[in-house]
Amino acid sequence: MRSDLLKLCLFSALCLSLAATAGSAKKRRAWITVGDAAFQKVQTVAPDAVSIGSRQVRAAGLSEKVHAVVLDESRLLAVTGAIHQQMGQCGGFMYHGSEAEARAALEARRVALRTPAYTIDQREVVVPMLSSMQEQHIASTILSLSGFTNRYYASQSGVDAANWLLATWRELAAGRGDISVALVTHKAYPQPSVSLTIAGTDLADEKVVVGAHLDSILSFRMSDTARAPGADDDASGVASMTEALRALIASGYRPRRTLQVFAYAAEEVGLRGSQEITRQFKQAGQKVAGVLQLDMTNYKGAANDIYLITDYTSSAQNTFVAELAAAYLPELTVGNDRCGYGCSDHASWDAQGYPVSMPFESSMARDNPAIHTSRDTYENSGSQAAHALKFARLAAAFMVELSGG
Ligand code: BES
Ligand code: ZN
């Protein structure tokens with residue numbers, strides 16, 4: 001069970017959607033996708049809420065009906081309050097800016113790509129790469145990112161953090177014509193996502209993707225100038241990913257499949273950055289061999305080193321990730337756990353039918369109590385980055401083994 005603060009996640013995320021659109025006098029409609037049980041609660045406080053479509057969704061052996069729902073935006077607060085009061089936990093939701101988006105979210109057509117071979121045969125590349133990776137680099141990135149006042153999706157410092165990361169990744173890519181670094185702008189809010197792409201040599205139309213979220217938030221009293229360091233959630237994931245990238249580029253490795261990494265905007269307000277990106281992938285018919293999501297990598301809350309999240313992820317790819325850990329990080333222990341809802345950007349990829357995994361820092365029962373508060377600092381993760389280094393190494397092995405063969 002998650003902490004009380006986190007139980008308010010749905011509430012705060014939808015508050016933010018409201019804040020973003022405040023000032024418009026016109027009545028606006030909002031769309032959400034929500035599970036059947038939560039939808040029953042929605043109807044008690046928003047009689048105008050209508051299911052415009054539904055689909056049976058299977059995740060981790062469980063099956064639940066999910067509805068696309070349209071309602072008056074002014075009812076969102078009452079709706080989220082009711083879900084929290086009556087369900088006692090996050091119902092799991094996605095906010096959508098239009099009916100078309102909500103309907104598309106219900107569909108889960110698989111993008112045609114044969115299941116990758118999931119072989120582990122790049123040891124001569126991976127082993128030296130992993131030993132070149134350093135805790136200190138990760139610590140430095142976490143400190144830089146958590147040094148911004150906040151990385152809120154609607155604030156100037158959220159934009160500044162994106163520009164800082166853009167410049168940092170550009171430095172990593174300097175002198176390499178096959179690497180491009182770019183901002184991915186989002187129409188509805190100021191914070192862009194950041195992306196780095198290494199062109200594949202001979203399977204360039206297939207991608208391997210690694211992501212983490214750039215934004216941060218406070219559960220209560222969020223504002224443009226509030227302090228939301230987000231050191232663990234999720235500067236740690238961005239920092240792990242950046243160190244994997246640094247080592248990979250420094251080694252001179254050239255992937256056969258195209259490698260792309262994303263620092264997503266606006267995760268904390270309904271997975272909005274990753275939703276936009278994954279929808280564009282699907283619309284473009286982009287083939288993806290596999291996706292890895294790193295959200296919270298530096299707080300060791302439980303006995304195992306790594307917990308693979310089993311819901312809204314690919315079980316075949318999760319098996320491969322566990323095999324990568326056994327092959328390259330045999331000193332680590334790996335367990336399984338589930339979020340119970342689409343708790344991070346992996347759910348956006350899963351919703352579009354792409355195979356995704358999320359290795360997590362702790363069990364859910366012992367998750368970091370400081371996230372979404374001003375206490376989510378490097379110090380509160382023990383002033384170390386040794387835990388995040390494990391995830392950086394796993395990500396580097398994933399990138400090479402999936403893009404190389
Ligand atoms: N990193 C968290 C998700 C998380 C927190 C996973 C604790 C496991 C343990 C993520 O940034 C987040 O806060 N997600 C939201 C949901 C999202 C749909 C707005 C949440 O969990 O409240
Ligand atoms: Zn969060």
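No hydrogens, no waters, no symmetry mates; every other heavy atom, side chains included, goes into these values. Counting convention: from 1, in listed order, for ligands and their atoms alike. Just so you know, these numbers come straight off a predicted model, no measurement behind them.
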Trainee: Does ligand 1 have any atom sitting under 4.0 Å from a heavy atom of D234?
Mentor: no
Trainee: Within a distance under 4.0 Å of any heavy atom of I371, pick out the atoms of ligand 1 and give their elements.
Mentor: 5 (C), 7 (C)
Trainee: Is there a side-chain contact between L145 and R151 (heavy atoms, below 4.5 Å)?
Mentor: yes
Trainee: Counting from 1, what ligand 1 atoms have a heavy atom of G270 closer than 4.0 Å?
Mentor: 19 (C)
Trainee: Any salt bridge (charged side-chain N to carboxylate O under 4.0 Å, His left out) pairs touching residues 379-399, not counting sequence neighbours?
Mentor: D305-K390
Trainee: Nearest 10°: the angle subtended at the Zn ion (ligand 2) by D233 OD2 and H372 NE2?
Mentor: 90°
Trainee: Report, in ascending order of atom number, the atoms of ligand 1 lying under 4.0 Å from any heavy atom of G342.
Mentor: 18 (C)
Trainee: Report the C-alpha separation of Y299 and S236 in whole Å, then their side-chain angles, then the decisive distance to 0.1 Å, and conclude whether the side chain to side chain donor-acceptor pair (under 3.5 Å) test is met.
Mentor: CA-CA 9 Å; Y299 173 88; S236 66; over 6 Å; no
Trainee: Is the closest side-chain heavy-atom distance between L259 and T197 below 4.5 Å?
Mentor: no
Trainee: Who are the ring-ring contact (aromatic ring centres under 6.0 Å, His included) partners of H137, not counting sequence neighbours?
Mentor: none
Trainee: Does any N or O atom in M296 lie less than 3.5 angstrom from one in ligand 1, N or O only?
Mentor: no
Trainee: Can you name the atoms of ligand 1, numbered from 1 with element, that are less than 4.0 Å from a heavy atom of E267?
Mentor: 10 (C), 11 (O), 12 (C), 14 (N), 19 (C)
Trainee: Under 4.0 Å from any heavy atom of M364, which atoms of ligand 1 are there?
Mentor: 8 (C), 9 (C)
Trainee: Can you confirm, on distance only, whether ligand 1 has an N/O atom lying under 3.5 Å from any N/O atom belonging to D233?
Mentor: yes
Trainee: Within the structure provided, determine whether D376 and N368 are in side-chain contact (heavy-atom separation under 4.5 Å).
Mentor: yes
Trainee: Could you walk me through whether H67 and F39 pass ring-ring contact (aromatic ring centres under 6.0 Å, His included), step by step?
Mentor: CA-CA 7 Å; H67 298 270; F39 178 53; 4.5 Å; yes
Trainee: So Y328 and R123, do their side chains get closer than 4.5 Å, heavy atoms only?
Mentor: yes
Trainee: Checking only N/O/S atoms, does E268 have one that is under 2.8 Å from the Zn ion (ligand 2)?
Mentor: yes
Trainee: Considering only heavy atoms of E268, which atoms of ligand 1 have at least one such atom less than 4.0 Å away?
Mentor: 10 (C), 11 (O), 12 (C), 13 (O), 19 (C)
